[in-house]
Structure formats: structure tokens, C-alpha cells
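Heads up: the structure comes next, in C-alpha cells.
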Amino acid sequence: MTQFEFYKSFQFVTELLLAQSMYLFRFHRRKRFWIMLPIAVGLCYLFAWALPVLSDNPFYTSLIFLLIFVFTVCAGKAIFKESLLTVAFCCVAGYTTQHLAYELFNMVMVAIDYPTASGFYGTGDFSGVFPNLFVAIMYVSTYAPAYFAFYLLFSTKLKSREPIKLQSIFIFVLAVSVLVVDIVLNAVVVNTDVAGAKSLKIVISVYNILCCFFSMYLQFEVSVRKKLEDTLDLVEQMWHQASKQYEMSKENIELINYKCHDLKHQIRKFGKDKDISSKELKEIEEQISIYDSSVKTGNDALDVILTEKSLLCNKNGIIINIMAEGEKLGFMAKEDIYALFGNMLDNAIEAVKNVDDDNRTIMLNIKAVGEMLVIRESNYYTDPIEFEDGLPVTKGDKRFHGYGVKSIKFVCDRYDGDITIKAENNVFTMNILFMNGVKPSPIATDEKPEN
């Protein structure tokens, strides 16, 4: 077995699969994943071993590596329940990571004039996995940091179970093309015996490493930007929907209050005519008063949303305790107030529905402290909550899978607010801090909020 045969059949496949797993592990797995995984891995090794080495032509050897890569993409598609684009995106990122680590290792070995500077990518007879302990140490010392750095820089940008979205397929194709050219160029260098070309080899290695960074930047910059744009578009749509919903809710609550007030007079008149006892009349009026319980905080928009959610809480047997200096929210647009507290209380109501009756309580406190406006909401919860980027994501509770919390953060960001969320001992707490009198940043659409 030659060095090249060992490299392409075992070492390359191992490096490639480890790198690709850094990006794929976040996504949906198919049923019986742990049964299918060893089968898929074994087939990758078998396929790489079966590919014949008919020539040391750099284009042919490059083709061998690309065929192995394509096979790993197929294997990934077989065991992960994701689109081909998502799997291919992650596999390309993995190949780029592996190739950068390979180039880094070779560059270091060339720089120190080690006789096996070409690593294991050669045509000589294979005489062991590592020529000696020194090469093994150098191998681990270059590959491990490279993989770890790419994990931190790029893999962490992939959100768990969120499909890959590309703003332009052309950019992705360009990133893949850069990687392919990089691979072919490396093959040409490895298979060309250039005596005394140490500086040239180092320069080419540096160039290939930069190409890998450029390829990864193209991939992830485009993908992440697309996700951010989609999220921003959806949150802005929610904001405009909240604007319309605020006006409708305001009119509905005013109509309910008017009807309830009128109904009370009619009941009193009816009770007087029919000689109904005052106790019975009082009980009837108390039932009606539930729908005539407008919250007064000093801010019309806050009053509307709190009245609306108070009625919903009453319907679900939830106690909502409110201490609000509503007049301190005068710096915020009415639509922003409605969106902020609407999403906040919707999440809280959805959470406390699942707790014991004794803990069906929501606390909301809005208070000015010096130059700061402090908003604090807390409630009990039962389902486990995980966090990503400081925002809650739950498995059992679908309320955080939507964009409610993102909408809250969107409003906070408009007013340079600071939001912190904690979930400890089955108590969920959201704290928001605003500087009093801060002006909002504009919405990135043609419509502007009222101030």
C-alpha cells in the first residue's frame, strides 16, 4: 500500500468525516440514526478504498478526493433529515476545514525542512501511520487548533435545526469553485518535484489557507445574512401587524366598556321594575364588571394591551399583578408598546397555563429608577427551557419556536434597550432596561411608526 492509498482510504476519510460532523450534528437526524451512522461511515471508508489509483496525475488525484467528498454528501443526506442544500453546505464547510488543516500541517513541515514534508500525500511505500512521534505531535498540534478555530468561527453560526438559506446560489457555487481550485492546485504542487522550492511551497500553502478562509466567509456570510434578513422581514411584518391590531383592540375595548356601562344601567332599571333584590343585582353587575375592568396606567397603548391580556388571564384562571408607571413609556411609539408587552404577556400566559393553579401568576413591574426605565416580567413555567444567543428555545414548549421573543428584542434594539432573560427554579424572568427619553431607530421600511 502506497502513502497515497493509505491517505485517501483512511486518513483523509477520517479527517473529512470529523470536520463535516462539526457542522452536521446540529441538524435533524433520521430515525434509527445511531444504527445507520456506523453503516454510512463504513461505506465511506469502503468507497474510498475501492477507488483505484491509476495515475499520479494531479487532476486524477483531485478527482478521487472529490468523488469521496460527493459520497460523504450522499451518506449525510441518508442519515440526516435535511434538504440536499443543507447537507451539501455543511459537507463543503467540512471539506474546507479539513483542507485548511492539511495545508497548515504541510506548511509547518516544509518550514522546518522536515524530510517528510509532503505528509502522507505521496507515492512512496507506506511504512506506518506516522514516521515518528514528532510528526504525530505536529499533526495533532496543527489539525486540532484548526478544527477548533473553525468550529468557533463558523460552526457556531449555524442555528440548531434551522435549514440553510442562501441569498444567492451563485455565491455558494463560487465558494465551492474556490475550494476545488485550491484542491487541484495543491495536487499539482504535491505531484511536482521542484527542488529547492521551499519558499514557493510555503507561499502556495499560505495562498491555499487564505482561499479556505475566503471560501468559508462566502458560505457563511451569505447564509447568515439571508437568515438575518428573513428574520428582520418577519419581525417587521409582525410589528406592522401589531400596529393594526392595536387600533382594532383599542376600538374593541372601548366598545366593550361602553356596552358594559350601558348594560349596567339597563340591569338596574330591569331589577327595579321586576323587584330583584340588591344582592342579586350586585352579583350580576360583578359578572359584567369583569369585561369592564379597564387598566389605567397613564399610557393609552399600555392600557389597551394590559386590559386585553387581563381579560385573557381571567378566562384562563390566571392572576396578573401589575405595577406600572405607564406615563414613563411616553418615549415609545404606541405600536412598539403594543408589540413589546403583547408578545411578553402572550408568552407568559402560554407558560403558566401548564402550571399548578397556585402558581398561575404573572408579575409585571414597570418603574423608573433614576435615568433608567426598568421593565420586569416573571412567571412560573414547567417545560425545560434552553438558551441560544441569550434567547430561550424550548423543546416541549412551542411558544419560543416562533418569533415572539425576537420581536421583543427587535423593539428593545430600536430604543437601545438591554434585555436579559433567566430561567431558574421554574421561574422565568425577563428584565428590560431603557434610558428615559431615548429616541427610536427607524424601521427599515417605507412606513414609519408614530411617535
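Since we're looking at a predicted model, the values are computed, not measured. Positions are given from 1 along the sequence.
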Contact between [X] and [Y] at the side-chain level, heavy atoms closer than 4.5 Å - yes or no?
X      : Y      : result
Tyr207 : Leu185 : yes
Val73  : Leu84  : yes
Leu306 : Leu364 : yes
Val411 : Ile337 : no
Trp34  : Ile79  : no
Ser215 : Asp182 : no
Val206 : Met107 : yes
Ile362 : Met344 : no

Is there a side-chain hydrogen bond (donor to acceptor under 3.5 Å, both in side chains) between Asn365 and Arg376? Walk through the geometry before answering.
CA-CA 5 Å; Asn365 194 340; Arg376 179 185 177 90; over 6 Å; no
Aromatic ring centroids of Tyr139 and Tyr143 under 6.0 Å?
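That pair passes the under 6.0 Å test.
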Determine whether the aromatic ring centres of residues Tyr415 and Phe410 are separated by less than 6.0 angstrom.
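Between Phe410 and Tyr415, the centre distance exceeds or equals 6.0 Å.
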For [X] and [Y], which heavy atoms make the closest approach, and how far apart are they?
X      : Y      : result
Tyr95  : Leu16  : CA-CD1, 3.6 Å
Cys412 : Ile432 : SG-CG2, 3.6 Å
Ser83  : Lys77  : C-CE, 3.9 Å
Ala78  : Arg30  : O-CD, 2.9 Å
His99  : Cys212 : CD2-SG, 3.8 Å

Give a yes or no on this: more than 12 heavy atoms of other residues, nucleotides or ligands lie within 6.0 Å of atom [atom1] of [X].
X      : atom1 : result
Ile319 : CD1   : no
Phe148 : CZ    : no
Phe47  : CZ    : yes
Tyr147 : OH    : yes

Between Asp413 and Lys409, does any side-chain N to carboxylate O distance fall below 4.0 Å?
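Salt bridge present between Asp413 and Lys409.
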Under 3.5 Å, side chain of Thr382 to main-chain N/O of Val355, donor-acceptor pair present?
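Between the backbone of Val355 and the side chain of Thr382 there is no qualifying donor-acceptor contact (under 3.5 Å).
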Between the main-chain N or O of Asn316 and the side-chain N or O of Arg360, is there a donor-acceptor pair closer than 3.5 Å?
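Yes; judged by distance alone, with no hydrogens or angles, the pair exists.
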Taking it one step at a time, do Thr97 and Tyr23 satisfy side-chain hydrogen bond (donor to acceptor under 3.5 Å, both in side chains)?
CA-CA 10 Å; Thr97 302; Tyr23 303 94; 2.7 Å; yes
Can you tell me how far the CD1 atom of Ile320 sits from the NZ atom of Lys309, to the nearest 0.5 Å?
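It is 10.0 Å, given to the nearest 0.5 Å.
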When Phe12 is tested against each of Phe69, Phe65, Tyr45 for ring-ring contact (aromatic ring centres under 6.0 Å, His included), which residue passes?
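Going through the options one by one, the only one that passes is Phe65.
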Test side-chain hydrogen bond (donor to acceptor under 3.5 Å, both in side chains) on Thr297 and Glu325; report intermediate values, then the result.
CA-CA 6 Å; Thr297 65; Glu325 298 178 7; over 6 Å; no
